[in-house]
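For the numbers below, each heavy atom of this structure counts, side chains included, while hydrogens, waters and symmetry mates do not.
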Amino acid sequence: MKLRTLVFLNALAVGVSIGIVNYYFQHSWYYFAISMGISTCVSYLVFYVLLEKYIYSKIKIIYKLIHNLKLGKDLKDALGEYVSPDPINDVEQEVKEWARDKKTEIDDLKKQEKFRREFLSNISHEFKTPLFAIEGYVDALQDGALEDPELSKQFLNKVSKNVERLSFLIKDLNEISKLESGDIPINYQKFDITTLIKEVMESLELKAQKYHISLIFKEKYQQPTYVNADREKIRQVLVNLIDNSFKYGKEYGSTSITIFEMHEQILIEITDDGIGIEEKYLPRLFERFYRTDSSRSRQIGGSGLGLAIVKHIVEAHHQTIHVRSTTGLGSTFGFTLEKGKDSLLVFP
């Protein structure tokens, strides 16, 4: 409601009230009309001056401040100062929207703070475990284990494995940091994804035998399927996802790779018949260092960054990755790639 309408209604109410009182004592409609008209006019002037000076002008200032804060500097400079024709109503809406936006920002900051604490806790634990192991073996060697060649060899092998684990962890952290900051370029090229899948399967054949897992890629994929992507980074995605299926698959189980052709994309899915993942864990599965089963994850190794790296690589291609899983039946990780076009694309 505009200020003048609001003031007029209040002034009219005062004028009618005074007119009724006057009619009660005078019993004259003439004096009723005169008193009502004069009191309405006087009330309108007084109310308008008071509300405009002490309330309405301040509401306009509050509205402009909130409106300009919401616009930001760039939009404010582009649009100039904005004055609402009805700031009394608009300020309520602006405050409500502003409050909702601020609440969302605060919730996001709380989530980020929680994630930061968890990340620092996880990364310190990931570094602490191999460092303590190395320290223990070195102390044992210094305390006399060097005199026993067989024992010293065992300890040095364990030190070497923990140093290797630290090296992988630092390498993965460095890579994910570069992916997040955009320092690693995506070199698009047109290539046959079926050929790449076969290459990855051959490179992981010995590891699959170690876990007693069969790799399945059906004969129907003999025909080339072209995609536009960074070949080496997609190789890393496939290696990480297939390796993950080995770690969480069941012994003498299988891992199958399937390809689905969509309208403008190619969908690649890696499916295992392992232990599966509970539904409550799925939303956080691609977070750094997040593990659904910490004890088992540490036994089978890995930096805890594999799925996070996969997610960043796929999203850097402006594509999507998803997971579906049933406890006891297995899991399926799927990601999309742009379908190959006639011309090669190379982006820095």
Q: Could you pull out the closest heavy-atom pair between N22 and S35, with the gap in Å?
A: CB-OG, 3.6 Å
Q. Above 12 or not: heavy atoms from other molecules or residues under 6.0 Å from CD of E279?
A. no
Q.
Are the side chains of K250 and I275 in contact, using a 4.5 Å heavy-atom criterion?
A. no
Q. Transitively linked via ILVMFWY side-chain contacts under 4.5 Å: F8 with L45?
A. no
**Q.** Pairwise side-chain contact, L215 with I242, heavy-atom cut-off 4.5 Å (strictly under)
**A.** yes
Q: Over 60° means perpendicular and under 30° means parallel, so classify the ring planes of F155 and Y137, tilted if in between.
A: tilted
Q) Closest approach of I268 and I259, non-hydrogen atoms and distance? A) CG1-CG1, 4.5 Å
(Q) Once rounded to the nearest 0.5 Å, what's the spacing between atom OG of S203 and atom CG of D243? (A) 10.0 Å
(Q) Between the side chains of R100 and E105, is the shortest nitrogen-to-carboxylate-oxygen separation below 4.0 Å, so that they form an ion pair? (A) no
(Q) So which atom in S325 and which in L282 form the shortest heavy-atom distance, rounded to 0.1 Å? (A) CB-CD2, 4.2 Å
(Q) I'd like to know if F25 and I34 are part of one continuous hydrophobic network [Ile/Leu/Val/Met/Phe/Trp/Tyr, side-chain heavy atoms within less than 4.5 Å]. (A) no
**Q.** Atom pair NZ/OG1 of K339 and T225 - distance to nearest 0.5 Å
**A.** 9.5 Å
Q: Identify the heavy atoms of Y23 and F32 that sit nearest to each other, and give their distance.
A: CB-CD1, 4.0 Å
Q) At their closest point, which heavy atom of V14 faces which heavy atom of S43, and how far apart are they? A) CG1-OG, 3.3 Å
(Q) I need the I197 CD1 to I270 CD1 distance, nearest 0.5 Å. (A) 7.0 Å
**Q.** Residue pair T258, L267: steps toward the side chain to side chain contact (heavy atoms under 4.5 Å, CB included) verdict
**A.** CA-CA 8 Å; T258 50; L267 171 65; over 6 Å; no
Q) Would the F335 and H317 ring centres measure less than 6.0 Å apart? A) no
Q. Would you call Q189 and N228 a side-chain contact if the rule is heavy atoms closer than 4.5 Å?
A. no
Q.
Would you say that E199 contacts R231 through its side chain, given a criterion of any heavy-atom pair below 4.5 Å between the two side chains?
A. yes
(Q) Nearest 0.5 Å, please: how far is OG in S331 from CD in E269? (A) 12.0 Å
(Q) Quick one, N240 and I309 - any side-chain contact, counting heavy atoms below 4.5 Å? (A) yes
Q) Between OH of Y211 and NZ of K247, what distance do you get to the nearest 0.5 Å? A) 6.5 Å
Q.
Checking T332 against T271 for the side-chain hydrogen bond (donor to acceptor under 3.5 Å, both in side chains) test, could you report, in this order, the C-alpha distance in whole Å, the side-chain angles of both residues, the deciding distance, and whether it holds?
A. CA-CA 4 Å; T332 296; T271 303; 3.0 Å; yes
Q) Does atom CD of E261 have more than 12 heavy-atom neighbours, drawn from other residues, nucleotides or ligands, at distances under 6.0 Å? A) no
Q. When hydrophobic residues are tied together by side-chain contacts of less than 4.5 Å, even through go-betweens, does M201 share a cluster with I216?
A. no
(Q) For the CD1 atom of I313 and the NZ atom of K233, what is their distance to the nearest 0.5 Å? (A) 7.0 Å
Q) Are K190 and Y226 in a cation-pi setup, meaning NZ or CZ lies under 6.0 angstrom from the ring centre and within 45 degrees of the ring axis? A) yes
Q: Output, in order, the C-alpha distance, side-chain angles, deciding distance and verdict of side chain to side chain contact (heavy atoms under 4.5 Å, CB included) for I234 and L196.
A: CA-CA 9 Å; I234 298 305; L196 179 61; 3.9 Å; yes
Q: Output, in order, the C-alpha distance, side-chain angles, deciding distance and verdict of side chain to side chain contact (heavy atoms under 4.5 Å, CB included) for M36 and I18.
A: CA-CA 6 Å; M36 186 187 76; I18 293 175; over 6 Å; no
Q | Test item: D273 side-chain N/O and L329 main-chain N/O as donor-acceptor pair under 3.5 Å | A | no
Q.
Under a 4.0 Å threshold between the charged nitrogen and the carboxylate oxygen, would E205 count as salt-bridged to K210?
A. no
Q) Does E315 come within less than 4.0 Å of K311, counting only side-chain N to carboxylate O? A) yes
Q. Any donor-acceptor pair under 3.5 Å linking the side chain of H212 with the backbone of A208?
A. no
Q) Is a side-chain N or O of D230 found less than 3.5 angstrom from the main chain of N187, in a donor-acceptor match? A) yes
Q: State whether E164 and K161 are salt-bridged, where the test is any N-O pair (Lys NZ or Arg NE/NH1/NH2 against Asp/Glu carboxylate O) under 4.0 Å.
A: no
Q | Non-hydrogen atoms of T40 and G15 that approach each other most closely | A | OG1-CA, 3.3 Å
Q.
Could you tell me if T336 and Q319 have a donor-acceptor pair between their side chains, going purely by distance under 3.5 Å?
A. yes
Q: For side chain to side chain contact (heavy atoms under 4.5 Å, CB included), just list the numbers for F333 and L307, CA-CA rounded to whole Å, side-chain angles, deciding distance to a tenth of an Å, and then say yes or no.
A: CA-CA 10 Å; F333 288 84; L307 290 179; 4.0 Å; yes
Q. Is it true that atom CZ of F260 has more than 12 heavy atoms of other residues, nucleotides or ligands lying nearer than 6.0 Å?
A. yes
Q) Heavy atoms, side chains only, cut-off 4.5 Å: are V314 and T320 in contact? A) no
(Q) Regarding S245 and T255, do their side chains bring together a donor and an acceptor under 3.5 Å, going by distance alone? (A) yes
Q: Before giving the answer on salt bridge (Lys or Arg N to Asp or Glu O under 4.0 Å), spell out for R235 and E232 the whole-Å C-alpha distance, their side-chain angles and the decisive distance to 0.1 Å.
A: CA-CA 5 Å; R235 179 194 297 275; E232 290 308 308; 3.2 Å; yes
